[in-house]
Amino acid sequence: MNAGKIIINEIDSRLERLGSHYRDKKDTDGNPFGEMLAAESKLLNTALAGELRSLKEFVLENIGTGN
């Protein structure tokens with residue numbers, strides 16, 4: 001398997017796990033601190049997913065998948 005394809009597969013796997021984590025309902029019990037942590041988690045998740053998508057584009061453009 002081509003190195004580009006291995007990298008793309010790993011990025012896709014990580015994006016899938018991030019998406020799953022993003023959709024998890026955070027039980028904060030109305031705790032303001034918990035609410036803040038849940039919002040921060042979503043913000044960081046969104047930023048990281050964007051970076052992974054950008055990295056995937058870079059790999060596709062510069063390394064390819066061997067197809």
Ignoring hydrogens and angles, write down the donor-acceptor pairs under 3.5 Å from the side chains of residues 3-13, residues two or more places apart or on other chains.
from : atom 1 : to  : atom 2 : distance (Å)
N9   : ND2    : K5  : O      : 3.4
E10  : OE2    : R14 : NE     : 2.7
E10  : OE2    : R14 : NH2    : 3.2
D12  : OD1    : K56 : NZ     : 2.6
S13  : OG     : R17 : NH1    : 3.2

Determine all donor-acceptor pairs shorter than 3.5 Å in which one atom belongs to a side chain in residues 37-49; sequence neighbours excluded.
from : atom 1 : to  : atom 2 : distance (Å)
S41  : OG     : H21 : NE2    : 3.4
K42  : NZ     : Y22 : O      : 3.2
N45  : ND2    : L18 : O      : 2.9
T46  : OG1    : K42 : O      : 2.9

Listing, residues 57-66 side-chain donor-acceptor contacts under 3.5 Å, not counting sequence neighbours, or none:
from : atom 1 : to  : atom 2 : distance (Å)
N62  : ND2    : F58 : O      : 2.9
T65  : OG1    : N67 : ND2    : 3.0

